[in-house]
Amino acid sequence: MPIPVPSRELFIDGEWKAPVLKKRIPIINPSTQQIIGDIPAATKEDVDLAVAAAKSALSRNKGADWSSASGSVRARYLRAIASKITEKKTELGKLEALDSGKPLDETLWDMEDVAGCFNYYADLAEKLDEKQKSPVSLPMETFKSYVLKEPIGVVGLITPWNYPLLIATWKVAPALAAGCAAILKPSELASVTCLELAEICREVGLPRGVLNILTGLGPEAGAPLASHPDVDKITFTGSNATGSKIMTAAAQLVKPVSLELGGKSPIVIFEDVDLDKAAEWALFGCFWVNGQICSATSRLIVHESIATEFLNRLVKWAKNIKISDPFEEGCRLGPVISEGQYEKILKFISNAKSEGAIILTGGSRPEHLKEGFFIEPTIISAVTTSMQIWREEVFGPVLCVKTFSTEEEAIDLANDTIYGLGSAVISNDLDRCERLTKAFRAGIVWVNCSQPCFTQAPWGGNKRSGFGRELGEWGLDNYLSVKQVTQYISDEAWGWYQNPSKL
């Protein structure tokens, strides 16, 4: 039975509003290449309305309605949203599988994480009340000092299509917990569940203007949001090219930004491992989310003594992955998001072959799928460090392989990238794992696994993978401004200047 895609408008000031210029964008099902609906396309005119609504929400009733309300008040709304997400888990999961091409099992898991994230930040919102006026130890007894943590203001949240609702929630939940008012601009390639979040906010009675959701194209909606003078901060997850543009726009107004950008992460596998366990983690680290994950451990660095046997086993595992429509039971690899992404990935594979690399498995459309943007899980060997496939992010189900002989060589290969988001090491020698953990130049290290992500732990990278951290308490700090308050408490005059009355 076909799944109907709700027809929505922009969500501004607590209401559905048609775009000022009446533009809309078709929704294309990546599994069938068919148009299944459309979304509203915001422009600068709509951004101005959303920002004005957010500003008004912060100042309404002198802030008592939201920005200066207690954290426990905001927590009630976050928990109500979480409850609705749980209630609508199946519906939301199906919509996201339809919209993004991710296997249904993945999107249902994502919805559980969405609800968990809202509940987690509800807890932190309440704890924020307890942390206010934290004392600062001073060397002078005549003063006392404390710290206030206040919402940074109006925030712009620009999110990608690989985890449409989950990464949006990584930003929305802490922003609301902090007392900010937000404008969410999801990717035009997968916006359906973000618009359903707007409907949930309506249902739970979230104060109007606290969260505004604008779908649309990056240049028409994202760019004016990033450069808007009344937006106090921008957080962005996506490509390096767009991140650079956002940073440039924000710099004109000295506006803070947090960026989570691309990656070309390594997974280093030593000779002392269980080959099947290591093979599954190597595949999961690269092919999860249809290979479209910024932290994908897409550079496999394997010890030369086990390389032949390990790669043979890896190919067998890869050929056993079920590639199908996301709604088929047991699907583990669906289509990539769009025709443009499909062609880009195939071009990467073609370039690798022309540069002399060997395609061990995959590299093309599965024979049994005649339509949709499907690409077989692909493993490429005989790779050199100068090849494009080693150096650039593919954002698709493509794993490239190099061998190493010494621990030092493995570390050098792992760090041979402009990126620094994720990294992984698989070995039974935990002392060696600890050495590599310290040596990796990355924001995230996985030991004997790849890709686990927990709401409680910080997420983010360094080098050209961006800066700032999401999730955990660090995610809340993204949306808080720290204010120092210092009071003179002595009954005595300060006494720096001579008192004229005593002359």
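Only heavy atoms go into these numbers, but all of them, side chains included; no hydrogens, no water, no symmetry mates.
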Between D65 (side chain) and L58 (backbone), is there a donor-acceptor pair under 3.5 Å?
no
Provide the full list of ring-ring contact (aromatic ring centres under 6.0 Å, His included) pairs with a residue in residues 23-59, sequence neighbours left out, each pair given once.
none
Restricting to non-hydrogen atoms, name the atom on A177 and the atom on L476 that form the minimum distance, rounded to 0.1 Å.
CB-CD1, 3.9 Å
Looking at every non-hydrogen atom in both residues, tell me the closest pair between G156 and L225 and how far apart they are.
CA-CD2, 4.0 Å
Considering non-hydrogen atoms only, spot the tightest contact between T169 and P174 and give its length.
O-CD, 3.6 Å
Atom pair NZ/CG of K319 and L314 - distance to nearest 0.5 Å:
11.5 Å
Pairs satisfying salt bridge (charged side-chain N to carboxylate O under 4.0 Å, His left out), at least one member in residues 18-31, at least two apart
E9-R24, K23-E220, R24-D38
So, using side-chain contact (heavy atoms from CB on, under 4.5 Å) as the criterion, who are the partners of E367 when residues are at least two apart?
none
Expected list for residues 256-267: side-chain donor-acceptor pairs under 3.5 angstrom, two or more places apart:
from, atom 1, to, atom 2, distance (Å)
S258, OG, K233, NZ, 2.9
S258, OG, N478, OD1, 3.1
E260, OE2, W459, NE1, 3.0
K264, NZ, I389, O, 2.8
K264, NZ, E392, O, 2.9
S265, OG, G422, N, 3.1
S265, OG, G422, O, 3.0

How are the rings of F395 and W161 set to each other: parallel, tilted or perpendicular (split at 30° and 60°)?
perpendicular
About how many Å separate CG of L49 and CG of N212, when rounded to the nearest 0.5 Å?
9.5 Å
Worked verdict on L471 versus F454 for side chain to side chain contact (heavy atoms under 4.5 Å, CB included):
CA-CA 8 Å; L471 300 181; F454 298 95; over 6 Å; no
Is there a side-chain hydrogen bond (donor to acceptor under 3.5 Å, both in side chains) between K463 and T417? Walk through the geometry before answering.
CA-CA 9 Å; K463 297 195 279 185; T417 173; 5.6 Å; no
Between N290 and P335, is there a donor-acceptor pair closer than 3.5 Å when you use the side chain of the first and the backbone of the second?
yes
Working to the nearest 0.5 Å, report the span between CD of Q456 and CD of E473.
10.5 Å
Aromatic centroids of W170 and W474 separated by under 6.0 Å
no
Below 4.0 angstrom, N of the basic side chain to O of the carboxylate: do E203 and K88 qualify?
yes
For P19 and D46 the tightest heavy-atom approach is CA-OD1, 3.5 Å
Using a 6.0 Å cut-off, check whether atom CD of E280 has over 12 heavy atoms from anything other than its own residue.
no
Donor-acceptor contacts, no H, no angles, side chain residues 321-330, under 3.5 Å, sequence neighbours left out:
from, atom 1, to, atom 2, distance (Å)
K322, NZ, E328, OE1, 3.4
K322, NZ, E329, O, 2.7
D325, OD1, F327, N, 2.8

Side chain of D230, backbone of K55: donor and acceptor closer than 3.5 Å?
no
side-chain contact (heavy atoms from CB on, under 4.5 Å) partners of T242, counting only residues at least two apart:
F236, S239, I246
Where do K127 and E130 land on the salt bridge (charged side-chain N to carboxylate O under 4.0 Å, His left out) test, with the steps shown first?
CA-CA 5 Å; K127 292 176 183 176; E130 302 166 10; over 6 Å; no
Are any side-chain N or O atoms of S68 and backbone N or O atoms of G63, one a donor and one an acceptor, separated by less than 3.5 Å?
yes
Salt bridge K171-E470, side-chain N to carboxylate O under 4.0 Å:
yes
Is the centre of the W317 ring less than 6.0 Å from the centre of the F287 ring?
no
To the nearest 0.5 Å, what is the distance between CG (L197) and CD (E199)?
10.5 Å
Between the main-chain N or O of C180 and the side-chain N or O of W66, is there a donor-acceptor pair closer than 3.5 Å?
yes
Between the CD1 atom in I345 and the CD1 atom in I337, the distance rounded to the nearest 0.5 Å is 10.5 Å
Under a 3.5 Å distance rule, please check whether N61 uses its side chain to pair with a backbone N or O of A64 as donor and acceptor.
no
Correct closest heavy-atom pair for A178 and L480 would be CB-CD2, 3.6 Å
Identify all side-chain donor-acceptor contacts of residues 92-106 below 3.5 Å with residues at least two apart in sequence or on another chain.
from, atom 1, to, atom 2, distance (Å)
E96, OE1, L165, N, 3.3
E96, OE1, T193, OG1, 2.6
D99, OD2, S191, N, 3.1
D99, OD2, V192, N, 3.2
S100, OG, E96, O, 2.7
S100, OG, K102, N, 3.3
K102, NZ, D110, OD2, 2.6
K102, NZ, N162, O, 3.1
D105, OD2, R332, NH1, 2.9
E106, OE1, V289, N, 3.4
E106, OE2, V289, N, 3.3

Using a 4.5 Å cut-off on heavy atoms from C-beta on, say whether the side chain of Y120 contacts that of C117.
no
What pair of heavy atoms forms the shortest contact from A424 to T297, and how long is it?
CB-CG2, 4.1 Å
Is it true that the side chains of T215 and K185 contain a donor and an acceptor less than 3.5 Å apart?
no
Carboxylate-amine/guanidinium contact R8 E196, below 4.0 Å
yes
Point-to-point distance, once rounded to the nearest 0.5 Å, from CG of L157 to OG1 of T235:
4.5 Å
Can you name the salt bridge (Lys or Arg N to Asp or Glu O under 4.0 Å) partners of E112, sequence neighbours left out?
K89
Between R464 (side chain only) and N240 (backbone N and O only), is there a donor and an acceptor less than 3.5 Å apart?
no
Under the side-chain contact (heavy atoms from CB on, under 4.5 Å) rule, collect the residues that match up with T86, sequence neighbours excluded.
A115
Side-chain donor-acceptor pairs of residues 26-33 under 3.5 Å, sequence neighbours excluded:
from, atom 1, to, atom 2, distance (Å)
N29, OD1, S31, N, 2.9
T32, OG1, Q34, N, 3.2
Q33, OE1, G372, N, 2.7

Are R313 and D276 close enough for a salt bridge, meaning some N to O gap below 4.0 Å?
yes
Whether the side chain of S423 engages the backbone of I444 through a donor-acceptor N/O pair (distance < 3.5 Å, no angle test) should be reported.
yes
Partners meeting side-chain contact (heavy atoms from CB on, under 4.5 Å) with K44 (sequence neighbours left out)
D48, P224
Using modelled atom types and a 3.5 Å cut-off, is there a donor and acceptor pairing between side-chain atoms of N462 and backbone atoms of L421?
no
Using modelled atom types and a 3.5 Å cut-off, is there a donor and acceptor pairing between side-chain atoms of K149 and backbone atoms of L128?
no
Return each pair, listed once, that meets salt bridge (charged side-chain N to carboxylate O under 4.0 Å, His left out) where at least one residue sits in residues 71-83; pairs must be two or more places apart or across chains.
R79-D123, R79-E126
